[in-house]
Amino acid sequence: MSESIDKTAIKLDVVKLRAWFGAFEVLRGISLSVLARRVTAVIGPSGCGKSTFVRCLNRLHELSPRAGVTGQVLLDGSDIYAAGLDPARVRRRIGMVFQKPNPFPHMSIHDNVLAGTRMNGIAVPDRDQLVERALRQVGLWDEVKDELDRPGHHLSGGQQQRLCLARALALEPEVILMDEPCSSLDPVATAKVEELIRELGERYTILIVTHNMQQAARVSDLTAFFYLGEVVEYDATDVIFTKPNDARTEDYITGRFG
Amino acid sequence: MSRAHTDREYEAELRKLREQVVLMGSKVEEMIASSMRALTLRDDALADKVIQLDHEVNRLEMETDELCLRILARRQPVASDLRFIAITLKLVTDLERMGDCTVNICERVLELNREPPLTETFVVLPAMADAAQAMVKDALDALVTGNIQRAEELIIDRDRVVDAYYAQIFRELLTYMMENPRNIFRATRLQSIAKYLERIGDHATNLAEMIVFMKKGKDVRHPFSRAISKTP
(Lines give C-alpha, C1' and ligand atoms only; values in the text may rest on other atoms or scores of the structure.)
Protein backbone atom coordinates (compact mmCIF):
# COMPACT_ATOMS: atom_id res chain seq x y z
CA MET A 1 0.00 0.00 0.00
CA SER A 2 1.49 3.36 -0.92
CA GLU A 3 1.57 6.51 1.17
CA SER A 4 -1.48 7.79 -0.70
CA ILE A 5 -3.66 5.79 1.71
CA ASP A 6 -4.56 7.31 5.04
CA LYS A 7 -4.16 4.52 7.54
CA THR A 8 -5.61 6.42 10.48
CA ALA A 9 -9.21 5.48 9.81
CA ILE A 10 -9.26 1.69 9.60
CA LYS A 11 -12.75 0.27 10.00
CA LEU A 12 -12.07 -3.34 9.23
CA ASP A 13 -8.58 -4.72 9.65
CA VAL A 14 -8.07 -8.10 8.09
CA VAL A 15 -5.00 -9.91 9.41
CA LYS A 16 -3.56 -13.06 7.82
CA LEU A 17 -6.95 -14.35 6.80
CA ARG A 18 -6.90 -17.88 5.38
CA ALA A 19 -9.94 -19.80 4.17
CA TRP A 20 -10.53 -23.29 2.88
CA PHE A 21 -13.11 -25.39 1.14
CA GLY A 22 -12.08 -28.80 2.44
CA ALA A 23 -8.38 -29.19 1.63
CA PHE A 24 -8.41 -26.41 -0.96
CA GLU A 25 -7.00 -23.19 0.38
CA VAL A 26 -8.96 -20.35 -1.24
CA LEU A 27 -7.46 -17.46 0.71
CA ARG A 28 -3.78 -17.76 1.45
CA GLY A 29 -3.10 -15.16 4.09
CA ILE A 30 -4.92 -11.93 3.26
CA SER A 31 -3.97 -8.81 5.20
CA LEU A 32 -5.84 -5.71 4.20
CA SER A 33 -7.08 -2.58 5.97
CA VAL A 34 -10.53 -1.42 4.91
CA LEU A 35 -10.92 2.29 5.58
CA ALA A 36 -13.96 3.88 7.22
CA ARG A 37 -16.39 5.75 4.98
CA ARG A 38 -14.59 4.76 1.83
CA VAL A 39 -15.61 2.54 -1.05
CA THR A 40 -13.12 -0.27 -1.50
CA ALA A 41 -13.31 -2.48 -4.58
CA VAL A 42 -11.94 -6.00 -4.82
CA ILE A 43 -11.09 -7.09 -8.34
CA GLY A 44 -9.47 -10.20 -9.74
CA PRO A 45 -10.05 -13.12 -12.10
CA SER A 46 -12.59 -15.85 -11.38
CA GLY A 47 -11.46 -18.14 -8.62
CA CYS A 48 -9.07 -15.61 -7.06
CA GLY A 49 -11.00 -15.76 -3.78
CA LYS A 50 -12.65 -12.35 -3.84
CA SER A 51 -16.16 -13.62 -3.09
CA THR A 52 -14.90 -15.94 -0.37
CA PHE A 53 -13.05 -12.96 1.06
CA VAL A 54 -16.17 -10.82 1.52
CA ARG A 55 -18.09 -13.82 2.81
CA CYS A 56 -15.45 -14.20 5.52
CA LEU A 57 -16.00 -10.60 6.56
CA ASN A 58 -19.49 -11.19 7.90
CA ARG A 59 -19.01 -14.84 8.83
CA LEU A 60 -20.97 -16.28 5.93
CA HIS A 61 -18.15 -18.44 4.62
CA GLU A 62 -18.27 -20.75 7.66
CA LEU A 63 -21.84 -21.72 6.71
CA SER A 64 -20.60 -23.44 3.53
CA PRO A 65 -19.96 -27.19 3.80
CA ARG A 66 -16.36 -28.12 4.71
CA ALA A 67 -15.44 -24.46 5.08
CA GLY A 68 -12.56 -23.36 7.26
CA VAL A 69 -11.24 -19.94 8.35
CA THR A 70 -8.23 -18.75 10.34
CA GLY A 71 -6.84 -15.29 10.96
CA GLN A 72 -8.42 -12.16 12.33
CA VAL A 73 -11.00 -9.69 11.10
CA LEU A 74 -10.96 -6.71 13.43
CA LEU A 75 -14.06 -4.52 13.33
CA ASP A 76 -13.10 -1.30 15.11
CA GLY A 77 -10.33 -3.31 16.73
CA SER A 78 -12.41 -6.29 17.95
CA ASP A 79 -12.13 -9.67 16.26
CA ILE A 80 -15.41 -10.78 14.70
CA TYR A 81 -14.14 -14.35 15.03
CA ALA A 82 -13.65 -14.04 18.81
CA ALA A 83 -14.88 -17.07 20.74
CA GLY A 84 -18.45 -16.86 21.94
CA LEU A 85 -19.42 -14.01 19.61
CA ASP A 86 -22.80 -14.52 17.93
CA PRO A 87 -22.35 -14.32 14.12
CA ALA A 88 -25.81 -12.76 13.84
CA ARG A 89 -24.56 -9.77 15.83
CA VAL A 90 -21.65 -9.43 13.42
CA ARG A 91 -24.00 -9.54 10.43
CA ARG A 92 -26.12 -6.75 11.89
CA ARG A 93 -23.09 -4.49 11.86
CA ILE A 94 -21.75 -5.79 8.55
CA GLY A 95 -24.57 -6.04 6.02
CA MET A 96 -24.44 -7.69 2.64
CA VAL A 97 -25.98 -7.36 -0.80
CA PHE A 98 -25.65 -10.28 -3.20
CA GLN A 99 -25.17 -10.80 -6.90
CA LYS A 100 -28.80 -11.62 -7.68
CA PRO A 101 -31.43 -9.47 -6.03
CA ASN A 102 -33.08 -11.70 -3.47
CA PRO A 103 -36.14 -10.00 -1.96
CA PHE A 104 -38.33 -12.42 -0.03
CA PRO A 105 -40.80 -13.42 -2.74
CA HIS A 106 -44.00 -13.62 -0.74
CA MET A 107 -43.38 -10.57 1.39
CA SER A 108 -44.56 -7.08 0.57
CA ILE A 109 -42.06 -4.33 -0.19
CA HIS A 110 -42.81 -2.91 3.23
CA ASP A 111 -42.13 -6.22 4.99
CA ASN A 112 -39.04 -6.88 2.92
CA VAL A 113 -37.45 -3.69 4.25
CA LEU A 114 -38.24 -4.76 7.80
CA ALA A 115 -37.28 -8.42 7.35
CA GLY A 116 -33.83 -8.02 8.87
CA THR A 117 -35.08 -6.22 11.94
CA ARG A 118 -37.76 -8.91 12.47
CA MET A 119 -35.30 -11.79 12.13
CA ASN A 120 -32.93 -10.15 14.56
CA GLY A 121 -35.75 -9.40 17.00
CA ILE A 122 -35.05 -5.69 16.94
CA ALA A 123 -37.81 -3.50 18.30
CA VAL A 124 -38.67 -0.77 15.81
CA PRO A 125 -40.59 2.13 17.36
CA ASP A 126 -41.96 3.50 14.09
CA ARG A 127 -41.92 0.93 11.31
CA ASP A 128 -43.40 3.14 8.60
CA GLN A 129 -40.82 5.78 9.28
CA LEU A 130 -37.98 3.24 9.07
CA VAL A 131 -39.35 1.84 5.81
CA GLU A 132 -39.63 5.30 4.31
CA ARG A 133 -36.15 6.31 5.43
CA ALA A 134 -34.49 3.13 4.10
CA LEU A 135 -36.34 3.37 0.77
CA ARG A 136 -35.46 7.06 0.46
CA GLN A 137 -31.81 6.23 1.11
CA VAL A 138 -31.79 3.94 -1.91
CA GLY A 139 -33.85 6.31 -4.06
CA LEU A 140 -36.76 3.89 -4.25
CA TRP A 141 -39.36 5.71 -2.15
CA ASP A 142 -40.92 7.79 -4.91
CA GLU A 143 -41.05 4.75 -7.18
CA VAL A 144 -42.80 2.38 -4.74
CA LYS A 145 -44.54 4.50 -2.08
CA ASP A 146 -48.00 3.73 -3.52
CA GLU A 147 -47.45 -0.01 -3.69
CA LEU A 148 -45.75 -0.85 -0.44
CA ASP A 149 -48.12 -3.74 0.12
CA ARG A 150 -47.30 -5.42 -3.19
CA PRO A 151 -44.76 -8.25 -3.25
CA GLY A 152 -41.17 -7.19 -3.83
CA HIS A 153 -40.55 -9.53 -6.71
CA HIS A 154 -42.88 -7.51 -8.97
CA LEU A 155 -40.24 -4.82 -9.12
CA SER A 156 -37.63 -4.57 -11.89
CA GLY A 157 -34.22 -6.13 -11.29
CA GLY A 158 -32.64 -2.79 -10.46
CA GLN A 159 -35.47 -1.86 -8.09
CA GLN A 160 -35.21 -5.27 -6.43
CA GLN A 161 -31.49 -4.78 -5.88
CA ARG A 162 -32.13 -1.37 -4.33
CA LEU A 163 -34.83 -2.95 -2.17
CA CYS A 164 -32.27 -5.48 -0.92
CA LEU A 165 -29.93 -2.61 -0.16
CA ALA A 166 -32.75 -0.85 1.74
CA ARG A 167 -33.29 -4.07 3.72
CA ALA A 168 -29.59 -4.07 4.63
CA LEU A 169 -29.66 -0.35 5.53
CA ALA A 170 -32.73 -0.79 7.77
CA LEU A 171 -30.46 -2.62 10.22
CA GLU A 172 -28.23 0.47 10.34
CA PRO A 173 -25.04 -1.42 9.57
CA GLU A 174 -21.60 0.17 9.69
CA VAL A 175 -20.12 -1.83 6.85
CA ILE A 176 -21.88 -2.91 3.65
CA LEU A 177 -20.46 -5.77 1.61
CA MET A 178 -21.54 -6.11 -2.00
CA ASP A 179 -20.80 -9.16 -4.09
CA GLU A 180 -21.21 -8.31 -7.79
CA PRO A 181 -24.27 -6.17 -7.00
CA CYS A 182 -24.84 -5.05 -10.60
CA SER A 183 -23.99 -8.15 -12.56
CA SER A 184 -27.64 -8.97 -13.29
CA LEU A 185 -28.69 -5.37 -13.96
CA ASP A 186 -28.98 -3.39 -17.18
CA PRO A 187 -26.78 -0.30 -17.72
CA VAL A 188 -29.34 2.22 -16.45
CA ALA A 189 -30.08 0.23 -13.30
CA THR A 190 -26.34 -0.28 -12.88
CA ALA A 191 -25.73 3.46 -13.12
CA LYS A 192 -28.34 4.08 -10.41
CA VAL A 193 -26.83 1.51 -8.08
CA GLU A 194 -23.34 2.86 -8.74
CA GLU A 195 -24.46 6.39 -7.92
CA LEU A 196 -26.00 5.03 -4.75
CA ILE A 197 -22.74 3.29 -3.82
CA ARG A 198 -20.90 6.59 -4.12
CA GLU A 199 -23.50 8.40 -2.02
CA LEU A 200 -23.60 5.72 0.67
CA GLY A 201 -19.81 5.62 0.64
CA GLU A 202 -19.77 8.99 2.37
CA ARG A 203 -21.53 7.55 5.42
CA TYR A 204 -20.83 3.83 5.35
CA THR A 205 -17.78 1.66 4.83
CA ILE A 206 -18.39 -0.18 1.60
CA LEU A 207 -16.57 -3.15 0.17
CA ILE A 208 -17.59 -4.18 -3.32
CA VAL A 209 -16.50 -7.24 -5.25
CA THR A 210 -16.74 -6.80 -8.97
CA HIS A 211 -15.74 -8.46 -12.20
CA ASN A 212 -16.27 -5.21 -13.98
CA MET A 213 -13.06 -3.23 -13.78
CA GLN A 214 -14.60 -0.07 -15.16
CA GLN A 215 -17.12 -0.30 -12.35
CA ALA A 216 -14.34 -0.55 -9.79
CA ALA A 217 -12.68 2.45 -11.44
CA ARG A 218 -15.94 4.43 -11.37
CA VAL A 219 -17.18 3.81 -7.85
CA SER A 220 -14.26 3.06 -5.57
CA ASP A 221 -11.75 5.11 -3.63
CA LEU A 222 -9.43 2.16 -3.14
CA THR A 223 -8.92 -1.00 -5.10
CA ALA A 224 -7.43 -4.35 -4.11
CA PHE A 225 -6.31 -6.77 -6.80
CA PHE A 226 -6.60 -10.41 -5.75
CA TYR A 227 -4.88 -13.26 -7.52
CA LEU A 228 -4.71 -16.92 -6.51
CA GLY A 229 -5.95 -16.18 -3.01
CA GLU A 230 -3.51 -13.38 -2.29
CA VAL A 231 -3.59 -9.59 -2.38
CA VAL A 232 -1.23 -8.63 -5.16
CA GLU A 233 -1.75 -4.90 -4.82
CA TYR A 234 -3.92 -2.58 -2.76
CA ASP A 235 -3.85 1.13 -3.39
CA ALA A 236 -5.83 4.25 -4.26
CA THR A 237 -8.05 3.49 -7.27
CA ASP A 238 -6.42 6.34 -9.19
CA VAL A 239 -3.04 4.70 -8.73
CA ILE A 240 -4.24 1.20 -9.62
CA PHE A 241 -5.80 2.33 -12.88
CA THR A 242 -3.11 4.76 -14.02
CA LYS A 243 0.16 3.44 -12.62
CA PRO A 244 -0.12 0.09 -10.85
CA ASN A 245 3.11 -1.04 -9.20
CA ASP A 246 2.85 -4.76 -9.74
CA ALA A 247 3.23 -6.23 -13.23
CA ARG A 248 0.46 -8.75 -12.49
CA THR A 249 -2.00 -5.95 -11.72
CA GLU A 250 -0.95 -4.17 -14.90
CA ASP A 251 -1.41 -7.33 -16.97
CA TYR A 252 -4.83 -8.05 -15.46
CA ILE A 253 -6.39 -4.60 -15.76
CA THR A 254 -5.05 -4.00 -19.26
CA GLY A 255 -6.34 -7.38 -20.44
CA ARG A 256 -3.03 -9.19 -20.84
CA PHE A 257 -3.93 -12.13 -18.65
CA GLY A 258 -3.54 -15.52 -20.34
CA MET B 1 4.03 -3.34 -22.47
CA SER B 2 5.94 -6.54 -22.84
CA ARG B 3 3.07 -9.00 -22.92
CA ALA B 4 0.44 -9.12 -25.62
CA HIS B 5 -3.24 -8.46 -25.00
CA THR B 6 -5.59 -11.38 -24.86
CA ASP B 7 -7.71 -9.43 -27.35
CA ARG B 8 -5.65 -9.51 -30.54
CA GLU B 9 -7.68 -6.86 -32.30
CA TYR B 10 -6.93 -4.42 -29.47
CA GLU B 11 -3.27 -5.42 -29.61
CA ALA B 12 -3.25 -4.70 -33.35
CA GLU B 13 -4.82 -1.26 -32.82
CA LEU B 14 -2.15 -0.29 -30.32
CA ARG B 15 0.57 -1.56 -32.65
CA LYS B 16 -0.89 0.47 -35.50
CA LEU B 17 -0.90 3.55 -33.30
CA ARG B 18 2.77 3.05 -32.42
CA GLU B 19 3.67 2.55 -36.07
CA GLN B 20 1.78 5.66 -37.05
CA VAL B 21 3.66 7.83 -34.55
CA VAL B 22 6.99 6.41 -35.70
CA LEU B 23 6.04 6.98 -39.35
CA MET B 24 5.11 10.57 -38.58
CA GLY B 25 8.45 11.01 -36.79
CA SER B 26 10.41 9.63 -39.73
CA LYS B 27 8.63 12.05 -42.07
CA VAL B 28 9.53 14.93 -39.80
CA GLU B 29 13.15 13.79 -39.72
CA GLU B 30 13.19 13.65 -43.49
CA MET B 31 11.71 17.16 -43.64
CA ILE B 32 14.39 18.55 -41.33
CA ALA B 33 17.17 16.97 -43.41
CA SER B 34 15.64 18.07 -46.71
CA SER B 35 15.09 21.62 -45.52
CA MET B 36 18.80 21.86 -44.70
CA ARG B 37 19.78 20.43 -48.07
CA ALA B 38 17.46 22.94 -49.74
CA LEU B 39 19.26 25.68 -47.79
CA THR B 40 22.83 24.59 -48.54
CA LEU B 41 22.19 23.56 -52.16
CA ARG B 42 19.88 26.56 -52.76
CA ASP B 43 17.34 24.09 -54.13
CA ASP B 44 13.86 25.63 -54.60
CA ALA B 45 12.32 22.36 -55.78
CA LEU B 46 13.44 20.53 -52.66
CA ALA B 47 12.08 23.34 -50.47
CA ASP B 48 8.72 23.02 -52.27
CA LYS B 49 8.80 19.27 -51.73
CA VAL B 50 9.18 19.72 -47.97
CA ILE B 51 6.24 22.13 -47.96
CA GLN B 52 4.17 19.49 -49.76
CA LEU B 53 5.31 16.74 -47.38
CA ASP B 54 3.78 18.66 -44.50
CA HIS B 55 0.31 17.71 -45.76
CA GLU B 56 1.16 14.08 -45.09
CA VAL B 57 2.26 14.89 -41.56
CA ASN B 58 -0.96 16.82 -40.98
CA ARG B 59 -2.99 13.93 -42.30
CA LEU B 60 -1.14 11.48 -40.04
CA GLU B 61 -1.83 13.73 -37.07
CA MET B 62 -5.57 13.67 -37.77
CA GLU B 63 -5.63 9.93 -38.39
CA THR B 64 -3.72 9.25 -35.19
CA ASP B 65 -6.05 11.45 -33.14
CA GLU B 66 -9.00 9.62 -34.60
CA LEU B 67 -7.54 6.22 -33.78
CA CYS B 68 -6.80 7.37 -30.21
CA LEU B 69 -10.40 8.49 -29.75
CA ARG B 70 -11.70 5.24 -31.15
CA ILE B 71 -9.55 3.19 -28.78
CA LEU B 72 -10.57 5.37 -25.82
CA ALA B 73 -14.24 4.97 -26.68
CA ARG B 74 -14.20 1.26 -27.41
CA ARG B 75 -11.50 -0.20 -25.17
CA GLN B 76 -11.46 2.01 -22.08
CA PRO B 77 -7.69 1.62 -21.78
CA VAL B 78 -6.07 1.74 -18.34
CA ALA B 79 -2.59 1.86 -16.81
CA SER B 80 0.28 1.72 -19.37
CA ASP B 81 -2.18 1.54 -22.29
CA LEU B 82 -3.97 4.64 -21.04
CA ARG B 83 -0.70 6.49 -20.59
CA PHE B 84 0.37 5.48 -24.09
CA ILE B 85 -2.85 6.79 -25.67
CA ALA B 86 -2.75 9.98 -23.60
CA ILE B 87 0.82 10.80 -24.63
CA THR B 88 0.19 9.83 -28.25
CA LEU B 89 -2.49 12.51 -28.46
CA LYS B 90 0.20 14.98 -27.42
CA LEU B 91 3.14 13.47 -29.30
CA VAL B 92 1.40 14.01 -32.62
CA THR B 93 0.79 17.68 -31.80
CA ASP B 94 4.50 18.21 -31.19
CA LEU B 95 5.43 16.27 -34.32
CA GLU B 96 2.97 18.28 -36.38
CA ARG B 97 4.46 21.54 -35.06
CA MET B 98 7.94 20.31 -35.98
CA GLY B 99 6.62 19.74 -39.48
CA ASP B 100 5.32 23.32 -39.50
CA CYS B 101 8.76 24.54 -38.40
CA THR B 102 10.40 22.85 -41.39
CA VAL B 103 7.81 24.47 -43.67
CA ASN B 104 8.74 27.85 -42.18
CA ILE B 105 12.42 27.04 -42.73
CA CYS B 106 11.73 26.27 -46.39
CA GLU B 107 9.78 29.50 -46.84
CA ARG B 108 12.85 31.38 -45.56
CA VAL B 109 15.04 29.26 -47.86
CA LEU B 110 12.95 30.31 -50.85
CA GLU B 111 13.47 33.96 -49.87
CA LEU B 112 17.20 33.45 -49.37
CA ASN B 113 17.53 31.73 -52.73
CA ARG B 114 16.55 35.02 -54.35
CA GLU B 115 19.64 36.65 -52.73
CA PRO B 116 23.39 36.00 -53.05
CA PRO B 117 24.67 33.61 -50.35
CA LEU B 118 25.92 34.72 -46.92
CA THR B 119 28.26 31.78 -46.74
CA GLU B 120 29.84 30.96 -43.39
CA THR B 121 26.78 30.35 -41.24
CA PHE B 122 25.67 27.59 -43.53
CA VAL B 123 28.09 25.26 -41.80
CA VAL B 124 26.71 25.83 -38.33
CA LEU B 125 23.01 25.68 -39.28
CA PRO B 126 23.14 22.15 -40.73
CA ALA B 127 25.12 21.01 -37.67
CA MET B 128 22.39 22.47 -35.48
CA ALA B 129 19.76 20.76 -37.64
CA ASP B 130 21.60 17.44 -37.29
CA ALA B 131 21.51 17.79 -33.51
CA ALA B 132 17.77 18.60 -33.55
CA GLN B 133 16.99 15.81 -35.97
CA ALA B 134 18.93 13.30 -33.86
CA MET B 135 16.83 14.36 -30.87
CA VAL B 136 13.63 13.51 -32.74
CA LYS B 137 15.05 10.17 -33.84
CA ASP B 138 16.30 9.23 -30.38
CA ALA B 139 13.02 10.24 -28.73
CA LEU B 140 11.08 7.96 -31.06
CA ASP B 141 13.64 5.18 -30.60
CA ALA B 142 13.03 5.50 -26.86
CA LEU B 143 9.30 5.19 -27.52
CA VAL B 144 9.81 1.97 -29.44
CA THR B 145 12.53 0.37 -27.30
CA GLY B 146 11.44 1.79 -23.94
CA ASN B 147 14.99 2.98 -23.24
CA ILE B 148 14.27 5.64 -20.64
CA GLN B 149 17.87 6.62 -20.07
CA ARG B 150 18.12 7.82 -23.64
CA ALA B 151 14.95 9.87 -23.31
CA GLU B 152 16.16 11.39 -20.06
CA GLU B 153 19.45 12.51 -21.66
CA LEU B 154 17.45 14.28 -24.32
CA ILE B 155 15.48 16.30 -21.84
CA ILE B 156 18.42 18.17 -20.36
CA ASP B 157 21.76 17.60 -22.06
CA ARG B 158 20.83 17.38 -25.70
CA ASP B 159 18.45 20.34 -25.75
CA ARG B 160 21.22 22.47 -24.26
CA VAL B 161 23.42 21.64 -27.22
CA VAL B 162 20.77 22.90 -29.63
CA ASP B 163 20.23 26.02 -27.53
CA ALA B 164 23.98 26.66 -27.53
CA TYR B 165 24.04 26.43 -31.33
CA TYR B 166 21.26 28.97 -31.48
CA ALA B 167 23.14 31.41 -29.26
CA GLN B 168 26.28 30.99 -31.34
CA ILE B 169 24.46 31.56 -34.64
CA PHE B 170 22.62 34.56 -33.24
CA ARG B 171 25.91 36.18 -32.16
CA GLU B 172 27.51 35.53 -35.54
CA LEU B 173 24.57 36.95 -37.43
CA LEU B 174 24.61 40.08 -35.27
CA THR B 175 28.18 40.78 -36.33
CA TYR B 176 27.20 40.35 -40.00
CA MET B 177 24.39 42.81 -39.56
CA MET B 178 26.59 45.34 -37.78
CA GLU B 179 29.26 45.04 -40.47
CA ASN B 180 26.91 45.82 -43.30
CA PRO B 181 23.22 46.77 -43.33
CA ARG B 182 22.91 44.95 -46.70
CA ASN B 183 23.33 41.71 -44.74
CA ILE B 184 20.29 42.37 -42.56
CA PHE B 185 17.66 40.85 -44.83
CA ARG B 186 19.56 37.58 -45.22
CA ALA B 187 20.83 37.47 -41.64
CA THR B 188 17.32 37.83 -40.20
CA ARG B 189 16.12 35.00 -42.47
CA LEU B 190 18.96 32.81 -41.26
CA GLN B 191 18.25 33.82 -37.68
CA SER B 192 14.62 32.73 -38.16
CA ILE B 193 15.78 29.37 -39.47
CA ALA B 194 17.97 28.92 -36.38
CA LYS B 195 14.99 29.82 -34.22
CA TYR B 196 12.81 27.21 -35.96
CA LEU B 197 15.49 24.58 -35.35
CA GLU B 198 15.66 25.62 -31.73
CA ARG B 199 11.87 25.15 -31.52
CA ILE B 200 12.22 21.70 -33.06
CA GLY B 201 14.67 20.83 -30.26
CA ASP B 202 12.11 22.03 -27.69
CA HIS B 203 9.39 19.89 -29.26
CA ALA B 204 11.73 16.89 -29.25
CA THR B 205 12.31 17.52 -25.54
CA ASN B 206 8.55 17.41 -25.06
CA LEU B 207 8.47 14.05 -26.83
CA ALA B 208 11.14 12.71 -24.49
CA GLU B 209 9.31 14.00 -21.40
CA MET B 210 6.11 12.28 -22.49
CA ILE B 211 7.92 9.05 -23.21
CA VAL B 212 9.45 9.07 -19.72
CA PHE B 213 5.94 9.63 -18.36
CA MET B 214 4.59 6.75 -20.39
CA LYS B 215 7.22 4.36 -19.10
CA LYS B 216 7.54 5.50 -15.51
CA GLY B 217 4.12 7.01 -14.85
CA LYS B 218 6.01 10.00 -13.47
CA ASP B 219 5.61 13.52 -14.80
CA VAL B 220 9.11 14.96 -15.34
CA ARG B 221 8.02 18.25 -16.88
CA HIS B 222 8.57 21.67 -15.33
CA PRO B 223 10.49 20.63 -12.19
CA PHE B 224 10.87 24.26 -11.12
CA SER B 225 7.20 25.12 -11.52
CA ARG B 226 6.35 22.08 -9.45
CA ALA B 227 8.61 23.24 -6.63
CA ILE B 228 7.17 26.75 -6.51
CA SER B 229 3.49 26.22 -5.81
CA LYS B 230 0.90 23.50 -5.53
CA THR B 231 -2.72 24.07 -6.46
CA PRO B 232 -4.87 23.45 -3.38
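Every chain is numbered from 1, with letters handed out A, B, ... down the list of sequences.
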How about [X]: does its [atom1] atom have over 12 heavy atoms from other parts shown lying under 6.0 Å from it?
| X | atom1 | value |
| --- | --- | --- |
| B:R221 | CZ | no |
| B:F170 | CZ | no |
| A:R136 | CZ | yes |
| B:R97 | CZ | no |

Next item on the list: Counting only heavy atoms closer than 4.5 Å, note whether B:K216 contacts chain A via side chain, backbone, both or neither.
Entry: backbone

Check: Applying the side-chain contact (heavy atoms from CB on, under 4.5 Å) test to B:V78, which of A:T242, A:I240, A:I253 qualifies?
Finding: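 By the side-chain contact (heavy atoms from CB on, under 4.5 Å) criterion, B:V78 pairs with just one of A:T242, A:I240, A:I253: A:I253.
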
Notebook entry, point to check: Of the non-hydrogen atoms in A:T254 and B:D81, which two are nearest, and what is the gap between them?
Noted result: CB-OD2, 3.3 Å

Next item on the list: For B:K215 and A:K243, work out which heavy atoms get closest and say how close.
Entry: O-CE, 4.3 Å

Next item on the list: Mark yes or no for whether A:E250, through its side chain, and B:A79, through its backbone, hold a donor-acceptor pair below 3.5 Å.
Entry: no

